[in-house]
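Working notes, beginning with the structure itself.
Worth knowing before you read on, the calculation uses all heavy atoms, side chains too, and leaves out hydrogens, waters and symmetry mates. Remember, it's 1-based here, ligands and their atoms both numbered in the order they're listed.
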Amino acid sequence: MRAIEITRFGAPEVLQPVERPEPVPAAGELLIAVQASGVNRPDVLQRKGLYPSPPGASDLPGLEVAGIVAGGAPAELAAAGLAVGDAVCALVAGGGYAERCAAPIGQCLPLPAGLTMVEAASLPETFFTVWQNVFEIARLQPGETLLVHGGSSGIGVAAIQMAKALGSRVIVTAGSDEKCAACVALGADHAINYRTQDFA
Ligand SMILES: NC(=O)c1ccc[n+]([C@@H]2O[C@H](COP(=O)([O-])OP(=O)(O)OC[C@H]3O[C@@H](n4cnc5c(N)ncnc54)[C@H](OP(=O)(O)O)[C@@H]3O)[C@@H](O)[C@H]2O)c1
């Protein structure tokens, strides 16, 4: 398969297309024929040599993908309500920048109706993370206020949009007026440039 490899640590030019063997899904994993892969800050840090892949994970970058289920143990797929040919997006520990990627079945989500592969590939890292932390754990309610530090980060822009969609008030902090304006354009009710104002 074709994959994008970090040939050495450095600038974006160190990312190069290479041929790699297809990953073999382990127990509890399925194989995805990747159509889109998200780009996140950890990919950049990994490329610079500041974020080693976890033990046992692919050394290829890419932590979220969308594509078509291309393999896996039939019984395990069936138990998860999945089958070869289904469209999914998935959170992975590495290996997303490739034509085939192994993913834990429990970290796969059927492609949401109406989303393209590119859109769905942007869900797992940020939208899943915000969903779990802000809504499942913190249980933000409509009408409550959410303070988002780093409002223009990947996590921040997801948090703004999700909290506004669910009827909460959103206040963000960010490191420049331009970033604050971008947060307001995304729906934030109020944005504070923490370099020029005391948010407390
Ligand atoms: N599954 C998970 O648990 C999970 C998943 C994703 C992310 N995260 C965590 O969530 C946080 C945000 O992640 P992200 O991917 O959304 O980050 P990101 O897009 O890279 O944004 C990071 C933000 O941090 C601020 N920042 C301050 N100092 C910085 C520096 N030296 N270099 C770069 N940015 C700096 C910047 O905003 P200002 O200029 O406004 O300060 C920037 O927008 C991270 O701590 C990450 O580890 C956790």
Side-chain angles (χ1 to χ4, degrees), residues 4 6 9-12 14-15 28-29 32 34 36-58 60-66 88-97 101-109 112 115 118-140 145-166 168 170-200:
I4 300 295
I6 300 172
F9 298 136
V14 306
L15 296 173
E29 291 185 336
I32 297 174
V34 176
S37 181
V39 177
N40 291 278
R41 172 76 65 178
D43 305 347
V44 176
L45 296 177
Q46 184 180 351
R47 195 195 75 220
K48 291 178 173 174
L50 303 172
Y51 193 86
S53 29
S58 170
L60 297 172
L63 300 173
E64 57 184 354
V65 296
V88 294
C89 57
L91 182 68
V92 295
Y97 289 15
C101 181
I105 293 175
Q107 292 174 204
C108 295
L109 179 78
L115 290 198
V118 169
E119 289 166 340
S122 75
L123 295 180
E125 264 295 333
T126 54
F127 285 84
F128 286 12
T129 301
V130 172
W131 181 258
Q132 181 182 31
N133 286 281
V134 176
F135 298 98
E136 289 189 348
I137 296 175
R139 300 200 167 277
L140 182 71
T145 299
L146 177 68
L147 173 63
V148 182
H149 290 302
S152 66
S153 66
I155 290 287
V157 299
I160 293 168
Q161 294 173 82
M162 293 167 80
K164 288 309 298 178
L166 290 167
S168 301
V170 177
I171 299 174
V172 305
T173 68
S176 72
D177 290 344
E178 186 187 10
K179 288 181 177 183
C180 286
C183 294
V184 170
L186 274 176
D189 296 283
H190 186 57
I192 301 166
N193 179 344
Y194 67 82
R195 295 185 194 278
T196 56
Q197 298 173 63
D198 180 1
F199 75 85

* **Glu136 atom CD, neighbour heavy-atom count above 12 within 6.0 Å** => yes

* OG1/Thr129 to CD1/Ile155 distance, rounded to the nearest 0.5 angstrom? -> 4.5 Å

* Would one find an N or O of Arg41, backbone or side chain, under 3.5 Å from an N or O of ligand 1? -> yes

* What do you reckon, does Ala174 have a nitrogen or oxygen under 3.5 Å from a nitrogen or oxygen of ligand 1? -> no

* Asked: Where's the contact between Glu125 and ligand 1, heavy-atom distance under 4.0 Å: side chain, backbone, both or neither?
  -> both

* To do: Might you check, step by step, whether the distance between atom 39 (O) of ligand 1 and some protein heavy atom is under 4.0 Å?
  => yes

* Contacting atoms of ligand 1, where contact means under 4.0 angstrom from a heavy atom of Ser153 -> 16 (O), 17 (O), 18 (P), 19 (O), 21 (O), 22 (C), 23 (C), 43 (O)

* Return a yes/no value for Gly154: is any of its N or O atoms, backbone included, closer than 3.5 angstrom to an N or O of ligand 1? => yes

* CG on Leu63 to CZ on Arg41, rounded to 0.5 Å -> 13.5 Å

* To the nearest 0.5 Å, how far apart are CD1 in Ile171 and NE2 in His149? -> 10.5 Å

* Asked: Is the closest protein non-hydrogen atom to atom 28 (N) of ligand 1 under 4.0 Å?
  -> no

* Structure fact -> Between the NE2 atom in His190 and the SG atom in Cys183, the distance rounded to the nearest 0.5 Å is 12.0 Å

* Asked: Would Phe128 count as a contact of ligand 1 if the rule is a heavy atom under 4.0 Å away?
  -> no

* Any N or O on Gly156 sitting closer than 3.5 Å to an N or O of ligand 1? -> no

* Does some side-chain heavy atom of Pro61 sit less than 4.5 Å from a side-chain heavy atom of Ile6? -> yes

* Any non-hydrogen protein atom below 4.0 Å of atom 32 (N) of ligand 1? -> no

* Are any of the N or O atoms of Thr173 closer than 3.5 Å to those of ligand 1? -> no

* Flag, side chain of Arg47 to backbone of Gly10, donor-acceptor distance under 3.5 Å -> yes

* Asked: Considering only heavy atoms, does Thr129 approach ligand 1 within less than 4.0 Å through its side chain, its backbone, both, or neither?
  -> side chain

